[in-house]
Asks: 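This is the structure I have questions about; it appears just below.
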Amino acid sequence: PRQQRHLVPLSNGKQNSFQYLLVSTIEAVSKNIEGITMNLITYTDLILAGLAVVSMPAGTKGPINKGWNLRKNCINTLSKISLLKGTNVGLAHAYCEPNPTGALDIDNFKHAKPLLTLHGICLDKLIHAPDAVVIWSGKKYSLKLIYRLPIGEKPLESKKLSGPDGKSAIEFRCATKNGLTVQDVLPPSIHPDGHQYEWYGAGDPLNPPQIPVEVLNLWKRSEEHTS
């Protein structure tokens with residue numbers, strides 16, 4: 001069984017601390033399985049689940065090959081799986097099947113939470129939902145929630161919401177304006193700062209939940225493009 005990892009409130013009362021720690025709720029039962037967690041979902045698992053992926057150099061956050069975001073250059077069949085050996089791997093949202101995926105990218109938790117609250121969305125509830133699929137890169141105040149778009153929904157153009165500092169607080173990520181995919185790095189890839197990306201949340205990364213209606217509506221209303 002895969003370890004389930006959750007986000008839990010800090011209890012130290014520090015006003016300026018990151019409000020959630022990422023902790024494991026199930027301990028490995030022996031040295032033989034220690035580390036065999038949901039972070040070791042295989043590439044075969046991803047492909048068989050209909051998730052399209054892209055490769056990039058290990059320790060980086062983005063592909064460098066020309067045309068990487070074209071459907072034909074993404075990896076969605078087992079015959080191409082060898083291309084992922086020794087690389088970082090990203091989820092190619094627009095080309096996932098049977099319907100695209102998307103990410104709610106929290107760039108700054110402290111600014112994102114009140115922004116979402118203004119639109120009637122509780123970030124805490126999204127993170128703690130029983131089917132939540134969360135990616136953490138090890139960066140403080142940052143995390144991503146992965147969703148499926150509704151059946152029949154075309155890839156959505158990526159948008160962002162800025163915080164009071166003028167910097168990105170939230171990004172809605174799926175596709176470019178002309179429909180090419182964007183990507184989000186998947187575990188167990190290595191972040192440029194040396195941290196390993198990890199899966200958290202109570203949901204199944206191979207079966208992301210459908211995006212909540214209120215989040216989808218906010219995405220469609222947002223005016224600020226990422227490109």
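This one's a predicted model, so the numbers in the text were calculated from it and none came from an experiment.
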Asks: Contact between Pro57 and Thr87 at the side-chain level, heavy atoms closer than 4.5 Å - yes or no?
Replies: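 Of all side-chain heavy-atom pairs linking Thr87 with Pro57, none is under 4.5 Å.
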Asks: Answer yes or no: is there a donor N or O on one side and an acceptor on the other, between the side chain of Ser222 and the main chain of Lys160, under 3.5 Å?
Replies: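 Here the side-chain-to-backbone pair does not exist.
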Asks: Please list, chain by chain and in numerical order, all residues satisfying side chain to side chain contact (heavy atoms under 4.5 Å, CB included) with Ile81, sequence neighbours excluded.
Replies: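 Side chain to side chain contact (heavy atoms under 4.5 Å, CB included) check on Ile81 returns Tyr43, Thr44, Leu78, Leu84.
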Asks: Rounded to the nearest 0.5 Å, how far does CG of Asp193 lie from NZ of Lys61?
Replies: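 Those atoms lie 9.0 Å apart.
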Asks: Give a yes or no on this: more than 12 heavy atoms of other residues, nucleotides or ligands lie within 6.0 Å of atom NZ of Lys80.
Replies: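 Atom NZ in Lys80 is packed in, count exceeds 12.
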Asks: Starting from Leu91, can I reach Leu48 by hopping between I/L/V/M/F/W/Y residues whose side chains sit under 4.5 Å apart?
Replies: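 Yes.
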Asks: Are Arg173 and Asp184 close enough for a salt bridge, meaning some N to O gap below 4.0 Å?
Replies: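 Salt bridge: yes.
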Asks: Apply side chain to side chain contact (heavy atoms under 4.5 Å, CB included) to Asp107 and Glu171, showing your working.
Replies: CA-CA 7 Å; Asp107 291 319; Glu171 284 192 59; 3.5 Å; yes
Asks: Could you give the distance from SG (Cys74) to NE2 (His93), rounded to the nearest 0.5 Å?
Replies: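 One finds 11.5 Å between SG of Cys74 and NE2 of His93.
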Asks: Is the backbone of Met56 close enough, under 3.5 Å, to the side chain of Asn88 for a donor and an acceptor to pair up by distance?
Replies: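 Here the side-chain-to-backbone pair does not exist.
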Asks: Can a donor-acceptor pair be found between the side chains of His195 and Ser137 at a distance below 3.5 Å?
Replies: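 Not at all, the side chains of His195 and Ser137 share no donor-acceptor pair under 3.5 Å.
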Asks: Do Tyr95 and Leu206 sit in the same hydrophobic cluster, where Ile, Leu, Val, Met, Phe, Trp and Tyr count as joined when their side-chain heavy atoms come under 4.5 Å apart?
Replies: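 Looking at the clustering, Leu206 is in a separate group from Tyr95.
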Asks: Determine whether a donor-acceptor pair (N or O, by modelled atom type, separation under 3.5 Å) exists between the side chain of Asn65 and the backbone of Trp68.
Replies: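 No; judged by distance alone, with no hydrogens or angles, the pair does not exist.
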Asks: Kindly compute the distance separating CG (Asp105) from OG (Ser168), expressed to the nearest 0.5 Å.
Replies: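 Between atom CG of Asp105 and atom OG of Ser168 there are 7.0 Å.
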Asks: With hydrophobic residues grouped by side-chain heavy-atom distances under 4.5 Å, do Tyr147 and Leu115 end up in a single group?
Replies: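 Yes, one cluster joins them.
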Asks: Hydrophobic cluster membership, with links at side-chain heavy-atom distances under 4.5 Å among I/L/V/M/F/W/Y: are Val215 and Phe109 in one?
Replies: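 Linked within one cluster.
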Asks: Could you give me the CA-CA distance, side-chain angles and deciding distance for Lys220 and Glu153, then say whether salt bridge (charged side-chain N to carboxylate O under 4.0 Å, His left out) is met?
Replies: CA-CA 12 Å; Lys220 291 182 175 181; Glu153 188 78 56; 3.1 Å; yes
Asks: Which residue, Leu51, Val134, Val133, forms the side-chain contact (heavy atoms from CB on, under 4.5 Å) with Pro205?
Replies: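 Checked Leu51, Val134, Val133 against Pro205; only one passes side-chain contact (heavy atoms from CB on, under 4.5 Å): Val133.
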Asks: What verdict does the side chain to side chain contact (heavy atoms under 4.5 Å, CB included) test give for Leu216 and Leu218, after you've listed the backbone C-alpha separation in whole Å, the side-chain angles of each residue and the deciding distance to 0.1 Å?
Replies: CA-CA 5 Å; Leu216 180 63; Leu218 177 58; over 6 Å; no
Asks: Below 4.0 angstrom, N of the basic side chain to O of the carboxylate: do Asp124 and Lys113 qualify?
Replies: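 Counted as a salt bridge, because a side-chain N and a carboxylate O are separated by less than 4.0 Å.
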Asks: Could you please spell out the steps behind the side chain to side chain contact (heavy atoms under 4.5 Å, CB included) verdict for Ile170 and Leu104?
Replies: CA-CA 7 Å; Ile170 300 166; Leu104 175 61; 3.5 Å; yes
Asks: Any heavy-atom pair between the side chains of Thr176 and Val182 that's under 4.5 Å?
Replies: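 Yes - at least one pair of side-chain heavy atoms lies under 4.5 Å apart.
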Asks: When you check the side-chain N and O atoms of Thr181 and Asn69, is any donor under 3.5 Å from an acceptor?
Replies: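 Not at all, the side chains of Thr181 and Asn69 share no donor-acceptor pair under 3.5 Å.
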Asks: Take a 6.0 Å sphere around CG of Leu118 and say whether it holds more than 12 heavy atoms from other residues, nucleotides or ligands.
Replies: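 Correct, the count exceeds 12.
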Asks: Looking at SG of Cys174 and CG of Leu180, how far apart are the two atoms once the value is rounded to the nearest 0.5 Å?
Replies: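 Result: 11.0 Å between the selected atoms.
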Asks: Got a sec, which residues hit ring-ring contact (aromatic ring centres under 6.0 Å, His included) with Trp219, two or more places apart in sequence or on another chain?
Replies: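 Partners of Trp219 under the ring-ring contact (aromatic ring centres under 6.0 Å, His included) test: Phe172.
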Asks: With heavy-atom distances below 4.5 Å as the criterion, would you say the side chains of Tyr197 and Ile135 are in contact?
Replies: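 Side chain of Tyr197 against side chain of Ile135, heavy atoms only: contact under 4.5 Å found.
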Asks: Check for a donor-acceptor pair, side chain of Gln196 on one end and backbone N or O of Pro188 on the other, with a separation under 3.5 Å.
Replies: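 Here the side-chain-to-backbone pair exists.
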Asks: Determine, step by step, whether Leu149 and Leu156 satisfy the side chain to side chain contact (heavy atoms under 4.5 Å, CB included) criterion, reporting the C-alpha distance in whole Å, the side-chain angles of both residues, the deciding distance to 0.1 Å, and the verdict.
Replies: CA-CA 9 Å; Leu149 299 187; Leu156 293 175; 4.1 Å; yes
Asks: Can you hop from Leu83 to Leu46 via hydrophobic side chains spaced under 4.5 Å?
Replies: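 Yes, Leu83 and Leu46 fall within the same hydrophobic cluster.
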Asks: Mind checking the CZ-CG spacing from Arg221 to Leu161? Nearest 0.5 Å is all I need.
Replies: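 Going from the CZ atom of Arg221 to the CG atom of Leu161 covers 9.5 Å.
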Asks: If we only count heavy atoms from C-beta on, is the Val53 to Leu186 side-chain gap below 4.5 Å?
Replies: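 Sidechains of Leu186 and Val53: in contact.
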